[in-house]
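Comments concern the structure below.
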Protein chains: 2
Amino acid sequence: MTRLQNRATGGRRRASHSMESVLTEAVALLDEAGAPALTFRALAQRLGGGVASIYWYVDSKEELLDRATDHVIGAVLADVERLPGSDDPIDDLRAMAVTLFDAIVDRPWLGAYFMRNTEAQSNSLRLYERLGQQTLRLDLTAHQRFHAVSAIVGVVVGSAVDMGQEPPAEILDGAVSREEFLGRFAQAWRELDPEEYPFVHEIVDEFDGHDDVDQFRSALELTLTGLRLQAGTRP
Amino acid sequence: MTRLQNRATGGRRRASHSMESVLTEAVALLDEAGAPALTFRALAQRLGGGVASIYWYVDSKEELLDRATDHVIGAVLADVERLPGSDDPIDDLRAMAVTLFDAIVDRPWLGAYFMRNTEAQSNSLRLYERLGQQTLRLDLTAHQRFHAVSAIVGVVVGSAVDMGQEPPAEILDGAVSREEFLGRFAQAWRELDPEEYPFVHEIVDEFDGHDDVDQFRSALELTLTGLRLQAGTRP
DNA sequence: GCGTCGTATCGAACGTTGTTCTATCGTAGC
DNA sequence: GCTACGATAGAACAACGTTCGATACGACGC
């Protein structure tokens, strides 16, 4: 689609984009080096065009982020809709939440922007709807249903934000592994006064080398059993 | 503490700060207009000094944010330690979580930075310890205790992030109230296809004019009942 | 009194960011 | 061909975090 122009002045090309390509490359940048890597200049270079051209597709960086987020949430939504489904709505809720969480594990930057603006994020709304539909199968009031879905999304986002924060550079360039980094923290904790920090000492071994997915699963399970009790259904 | 100097050249003053004053003014800026308002230039102007002076107290903006966050978490910790305490550790956990959440309601910017870096945030670690101590009174494994506290913190952060995002400017300058803004969303939702969005229609009235604190309380209650069941204690 | 050292301060500059301005190209319709 | 419009792009702008070098101040030795 790109064309030659102005052969006399050296044959500079004009780039020809599309909403799709802009979003795809934006997501690629986010995937490769996280949120700070997505700048208009980096994106323009990748698209082989000028900085200002991006503003034809998008009014601001906020909108770019929203659209990029919604773009990948679309894939998550497809995964969720492809889920088999069972006779237990709570099992289905768990499967959906795990699917969403897995997507955020693959793309840590998602955590910060997911569900920020349902206006420009139509796929997020659809996902929200899908989660909510499972609560329609439970014996709850509308009030309880609303809060149940909020709670589940809250658990996902809460866990995701924990992992979403940029690792401290030393870990990004591979100078130290994640295990080393956690271990360093654990060591500092072990040197605290056991009288003053009995709990920290109790769990320091659990913290050292812990798995984020386990942590999320446990948190999710607590809310789900709470929800199950509230709905009065048998496990 | 400020002194006069160089009277001959017009009597320009030299400002004299302290870690305390820097942090206090930084928090004041955050409180007044949110995270984007805290810039080194704005802070310097408020302190009546130069921009570079702040770098004597702090090595980067990240450290400034960490220290400012820990500064106010110190007050939260004091509130938590002032809590009466009961014979039910889960009741105490709830009271602590609510205290923390209330602090974030007052200072929405807290949500984004709380628990980001326990290295420079000693008060956060103390708060984490205080929460964990309650789980020591429950019949749980160390593994379960670790996950329980993570879950509770996750619920707080998850709810806080929801509210922590900057309102879209129209609401900041008072052009539209929060109720109007929510109502606009609700109206858009009501116009969706009821066949395709049954859940959204079910809860749109709950969403319209909903209270963030209620939402948080419900989510917290679900995890707490889940935890209670896990510990096998009677309510 | 004078020089020196460490603490503390500040103006100016640098590089990068999001955003806007203005000018341009290429194609489709007349 | 001319025009209107969709699309592109370079240059400039303001604001930001950060760094540099110079400078002031109080305390100390002498």
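In what follows, chains are A, B, ... by sequence order, proteins preceding strands, each numbered from 1.
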Which nucleotide in [options] has an atom nearest any side-chain atom of [X]:
X     : options               : answer
A/H17 : C/dA8, D/dA9, D/dC16  : D/dA9
B/A15 : C/dT19, C/dT9, D/dC16 : C/dT9
A/S60 : C/dG18, C/dT19, D/dA7 : C/dT19
A/W56 : C/dG18, C/dT9, D/dT8  : D/dT8
A/Y55 : D/dA9, C/dT20, D/dA12 : C/dT20
A/R14 : C/dT9, D/dA9, D/dT18  : D/dA9

Report the relative orientation of the aromatic rings in A/Y128 and B/W189; use parallel for angles under 30°, tilted for 30 to 60°, perpendicular for over 60°.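 Aromatic pair A/Y128/B/W189 classed tilted.
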
A/F146 vs B/F207 aromatic rings, parallel, tilted or perpendicular, using cut-offs 30° and 60°?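 The rings of A/F146 and B/F207 stand perpendicular, inter-plane angle above 60°.
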
Keeping A/E63 on the side-chain end and A/D59 on the backbone end, is there a donor-acceptor pair under 3.5 Å?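 At least one qualifying donor-acceptor pair exists.
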
Counting only heavy atoms not in A/R217 (residues, nucleotides, ligands), do more than 12 fall under 6.0 Å from its CZ?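 Result for CZ/A/R217: open.
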
Should the heavy atoms of other residues, nucleotides or ligands under 6.0 Å from CD of B/Q45 be counted, would the total exceed 12?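 Check fails, neighbour count at 12 or below.
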
Separation of [X] atom [atom1] from [N] atom [atom2], in whole Å?
X     : N      : atom1 : atom2 : result
B/L65 : D/dG17 : CG    : C1'   : 12 Å
B/L43 : D/dG17 : CG    : C1'   : 13 Å
B/F40 : C/dC14 : CZ    : C1'   : 16 Å
B/L47 : C/dG11 : CG    : C1'   : 17 Å
B/I54 : D/dC16 : CD1   : C1'   : 13 Å
B/Q45 : C/dC10 : CD    : C1'   : 15 Å

Can a side chain N or O of A/Y57 be found less than 4.0 Å away from OP1 or OP2 on D/dT8?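 Yes.
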
OP1 or OP2 of D/dA9 versus the side-chain N and O atoms of A/S53: is any pair under 4.0 Å?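 Yes, because at least one side-chain N or O of A/S53 sits under 4.0 Å from OP1 or OP2 of D/dA9.
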
With nearest nucleotides of DNA chain C determined for B/S18 and A/E62 from heavy-atom distances, which residue corresponds to the more 5′ nucleotide?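 Here B/S18 is the residue nearer the 5' end.
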
First of B/K61 and B/A52 reached from the 5' end of DNA chain D, by closest nucleotide: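 In this pair, the answer is B/K61.
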
